[in-house]
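The structure appears right after this line, and notes come after that.
Chain letters run A, B, ... following the sequence lines, proteins first and then strands; every chain starts at 1.
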Amino acid sequence: MTRSFFARDSRAVAPDLLNKLVVRGERVGRIVEVEAYCGSEDPASHAYRGRTPRNATMFGPAGHLYVYFTYGMHFCANVVCGTDGEASAVLLRGLTPVAGLAEMRAHRPLARSDRDLCSGPARLAQAFSLDRTLDGADLVIADRGLSIEDDGTPPPPAPGVSARIGVSAGAELPWRFYVRGAVGLSRKG
DNA sequence: ACCGGGATGTTCT
DNA sequence: GAACATCCCGGTG
């Protein structure tokens, strides 16, 4: 994808990311669920209370990956959006496994089925081996072998929209977007 | 199928 | 010292 694709408000980028591909070597997944986080205007965003060492990548230029560690054991991955200094991002929450499933399984030994390889933000991070070493990777130039690609499949004309999952502050904001009925959603829908 | 609780440690108050 | 953009397992129905 181009830099300008990401350099918009995360609430605009999020639905446009649906049906795009996450590519890392043999591993490929189609994006079916995302959430937008909007910097200073969003109480659920890590950037709400300003810049810290942890969220520094969010404040940088668009098109880079922001990876954070949570619950003492999980990584989650965001795509940085907006303009430099703005701190808006899109959380990747669910992918349909497309290729490289054997490699994904190897990194997700506890997954009950292939449907669960990438059906959640920490699950897909595990399946694609996304950790701290990927924080800041430039997705536009396939930095560290990771990129987001367009295979010509358009986003759904009418995506599912709901409140974001697992947040307390800003719980009412409808900034989760998903492909209805897709394999790899973090919840049935 | 659905629900409840424990794991585990970084980050910020 | 509390909260945390979660996951997994084992219980029950």
| request: Could you check whether the rings of A:His46 and A:Tyr68 sit parallel, tilted or perpendicular, using 30° and 60° as the cut-offs? | output: perpendicular

| Base, sugar-phosphate, or nothing: which does A:Tyr71 touch, judged by heavy atoms less than 4.0 Å apart? | base

| task | For A:Ser168, answer base if it contacts any base atom (sugar-phosphate contacts may also be present), sugar-phosphate if it contacts only those atoms, and nothing otherwise; contact means non-hydrogen atoms under 4.0 Å. | result | sugar-phosphate

| Quick one: is the NZ or CZ of A:Arg187 closer than 6.0 Å to the six-membered ring centre of A:Tyr178, and within 45° of its axis? | no

| remark: Given Watson-Crick and G-U pairs under 3.5 Å, DNA chain C in dot-bracket ([ ] crossing, | other strand) is ||||.|||||||.

| query | Is there a side-chain contact between A:Pro121 and A:Glu35 (heavy atoms, below 4.5 Å)? | reply | no

| query | How close or far is atom C1' of C:dC7 from atom CZ of A:Phe69, stated in whole angstroms? | reply | 13 Å

| request: Find out if a path of hydrophobic residues (ILVMFWY) with successive side-chain heavy-atom gaps under 4.5 Å connects A:Leu117 to A:Phe128. | output: yes

| Taking any atom under 4.0 angstrom from a heavy atom of chain A, which nucleotides of DNA chain B are the first and last to qualify, 5' to 3'? | B:dA7 to B:dT13

| Touch check for A:Leu91, heavy atoms < 4.0 angstrom, all strands: base, sugar-phosphate only, or nothing? | base

| task | Spell out, as yes or no, whether a donor-acceptor pair under 3.5 Å connects the side chain of A:Ser45 to the backbone of A:Cys38. | result | no

| said: For a quick check of understanding: with a heavy-atom distance under 4.0 Å over all strands, which category does A:Ala122 fall into, base, sugar-phosphate or nothing? | reply: sugar-phosphate

| field | Value in whole Å for how far the C1' atom of C:dA5 lies from CD of A:Gln126 | value | 16 Å

| query | Can you check the A:Leu124 CG to C:dC7 C1' distance for me, whole Å? | reply | 13 Å

| task | Measure from the side-chain N and O atoms of A:Glu33 to the backbone N and O of A:Ser186, and report whether any donor-acceptor pair falls under 3.5 Å. | result | yes

| note | Taken to the nearest whole Å, CG/A:Leu130 to P/C:dT6 is 16 Å

| query | Which whole-number value in Å describes the distance from A:Phe75 CZ to C:dC4 C1'? | reply | 15 Å

| query | What integer distance in Å separates A:Ile165:CD1 from C:dT6:C1'? | reply | 11 Å

| request: Ignoring hydrogens and angles, tell me if any N or O in the side chain of A:Arg93 forms a donor-acceptor pair with the backbone of A:Arg164 under 3.5 Å. | output: no

| field | Value in whole Å for how far the P atom of C:dA5 lies from OH of A:Tyr66 | value | 9 Å

| request: Group every Ile, Leu, Val, Met, Phe, Trp and Tyr by side-chain heavy-atom contacts under 4.5 Å, then state whether A:Leu185 and A:Met104 land in the same group. | output: yes

| said: For A:Arg112 and A:Val167, find the nucleotide of DNA chain C closest to each by heavy atoms; which residue's nucleotide sits nearer the 5' end? | reply: A:Val167

| query | Is the shortest side-chain N to carboxylate O distance from A:Arg108 to A:Asp114 below 4.0 Å? | reply | no

| query | What is the distance, rounded to the nearest whole Å, between atom CZ of A:Arg187 and atom C1' of C:dC7? | reply | 12 Å

| Can you tell which of C:dA5, C:dC8, C:dC4 lies closest to the side chain of A:Arg108? | C:dC8

| request: Look at the side chain of A:His74 and decide which nucleotide, out of C:dC9, C:dA5, C:dC7, has an atom nearest to it. | output: C:dC7

| said: For the CG atom of A:Leu17 and the NZ atom of A:Lys20, what is their distance to the nearest 0.5 Å? | reply: 7.0 Å

